[in-house]
**Q** 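Sharing a structure, written as structure tokens. Questions coming.
All values below were derived from every heavy atom in this structure, side-chain atoms included, with hydrogens, water molecules and symmetry-related copies excluded. In what follows, residues are counted from 1 in the order of the sequence shown.
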Amino acid sequence: MSNDNSDRDAAGPTDGDGGTSTVLQSRTAATRRKFLAANAAVWTSAVVAGCSSQGQQEDTTTEPQTTTATPEPTKNYVLSEDLIAGSEGIPKDAGLVSACAPTRTFMPGMHAVFKVGVYDPDTGESVGNDTLDGVTVEMDNGATVDLTWAGDDEEHPHPYWNGGWAIPEDAEPGTIKYSVDVSAENSEFQNVEVAADEFTIIEDFHPKNYVVTDELVASGAVPEGGLVSSCGTSRTFVPGMTVVFDVGVYDPASGEPVSNETIDEMVVEMDNDVTVELQWAGDDEEHPAPIWGGSWDVPEDAEPKDVTYVINITDEENNYRDVNVEENTFSIVEL
């Protein structure tokens, strides 16, 4: 394991400047973990004495009653996390990815660079090393990466934590799950929202594979309180907000986006039985963009849960064989 901080000035945290969080084909639903750093509640007891209504003094004592002090409301950190390709180890013929570009598909020898933003949910302000003791990425293969607060970089300061992992040359293909552990002994915050994700190591970039990136953007009734900004990237939503899907499909050899001239249909299918048909934005005369887009309004009565979705692509001419990144998750939470 090694840290690579050379790419930390590439982009801002995913709540503002945008970033891509994607999970590859055949992955299981991404899990979410919460890390608790809470003190135990304080317990007190009281003894109540009673008197006789007949005017006679009686020694009547009730059983001791145990009461629970009302704890202070728990506040949650809000996390955003990006994964980008480091500048080292990128194959020469891999047009689908470039240094500092968001990706969740790596080959042995490449560097996976983690960029994690930690935010105060009341103000939306970034939380740095003046409050946190550390931020660590822990992978299920045993590797760990201690992230560094980029705000102290005099040349390229950024409001996020970052660090890199050099993927071993002999790494086996497969999906690696990881969690983000935030430590803060003297913090008023106790939990962490959005703290787990995954990426995939593959043997090679096949020239007939689509490469799919997907980004979620918050829109609609964005609540006050710093959870997320309107039009900012997010994977955390509250009832009443709008989830906007921005999906890019690329030719792996050239890196060029694939439009509706090749793709017949693209649909997002969620595990809550909701489907969203995406439209090619390159034909939008007012705001053309090389992406496929669509949106879903989270119902006001939606229950808090993690929503898993897949991106299904129809290409009747079979120009491409597989789709690399087609499944991901987002969370519906209560404020």
Side-chain angles (χ1 to χ4, degrees), residues 1-14 17-27 30 80-116 135-148 150 156 158 160-180 196-215 248-257 320-328:
M1 183 273 291
S2 65
N3 288 348
D4 177 7
N5 294 329
S6 62
D7 301 283
R8 66 185 179 191
D9 55 334
T14 56
D17 294 338
T20 303
S21 179
T22 55
V23 185
L24 301 176
Q25 181 181 22
S26 301
R27 64 165 270 198
S80 66
E81 55 93 21
D82 264 346
L83 193 56
I84 66 174
S87 58
E88 299 181 24
I90 298 178
K92 294 181 180 179
D93 57 348
L96 64 95
V97 65
S98 59
C100 304
T103 183
R104 290 187 180 270
T105 305
F106 296 87
M107 290 177 59
M110 292 179 63
H111 286 206
V113 179
F114 301 88
K115 294 171 54 180
V116 175
V135 177
T136 303
V137 173
E138 299 180 355
M139 295 175 239
D140 63 1
N141 63 356
T144 62
V145 179
D146 292 326
L147 305 187
T148 301
H156 302 291
H158 286 286
Y160 51 75
W161 298 73
N162 68 353
W165 178 52
I167 301 172
E169 294 286 350
D170 60 353
E172 294 291 332
T175 298
I176 294 181
K177 299 180 183 296
Y178 64 89
S179 60
V180 181
D197 218 326
E198 61 187 52
F199 62 93
T200 296
I201 299 174
I202 63 175
E203 291 182 353
D204 196 3
F205 296 115
H206 193 281
K208 286 295 184 180
N209 285 2
Y210 282 129
V211 175
V212 180
T213 63
D214 94 280
E215 185 172 273
V249 184
Y250 300 92
D251 182 319
S254 66
E256 293 297 320
Y320 292 81
R321 188 186 68 182
D322 297 322
V323 174
N324 274 342
V325 180
E326 66 168 359
E327 183 176 305
N328 215 332

**Q** Which heavy atom of Glu169 sits nearest to which heavy atom of Gly109, and what is that distance?
**A** OE2-CA, 3.5 Å
**Q** Got a second to check how far Asn141's CG is from Thr175's OG1, nearest 0.5 Å?
**A** 12.0 Å
**Q** Step by step, work out the side-chain contact (heavy atoms from CB on, under 4.5 Å) result for Glu138 and Thr136.
**A** CA-CA 6 Å; Glu138 299 180 355; Thr136 303; 4.1 Å; yes
**Q** If I take atom NE2 from residue His111 and atom CD1 from residue Ile167, how far apart are they, to the nearest 0.5 angstrom?
**A** 8.5 Å
**Q** Tell me whether the rings of Phe114 and Phe199 are parallel (<30°), tilted (30 to 60°) or perpendicular (>60°).
**A** perpendicular
**Q** So which atom in Leu147 and which in Trp161 form the shortest heavy-atom distance, rounded to 0.1 Å?
**A** O-CE3, 3.7 Å
**Q** Flag the pair Met107 / Ile202 as yes when at least one side-chain heavy-atom distance between them is below 4.5 Å, and no otherwise.
**A** yes
**Q** Between Met110 and Ile90, is any pair of side-chain heavy atoms under 4.5 Å apart?
**A** yes
**Q** Work out which heavy atom in Glu198 is nearest to a heavy atom in Tyr178; give both atom names and the distance.
**A** N-CE2, 3.6 Å
**Q** Measuring only between side-chain heavy atoms, which start at C-beta, is Leu83 closer than 4.5 Å to Phe106?
**A** yes
**Q** Do you know the tightest heavy-atom contact between Pro108 and Ile201?
**A** CD-CG2, 3.9 Å
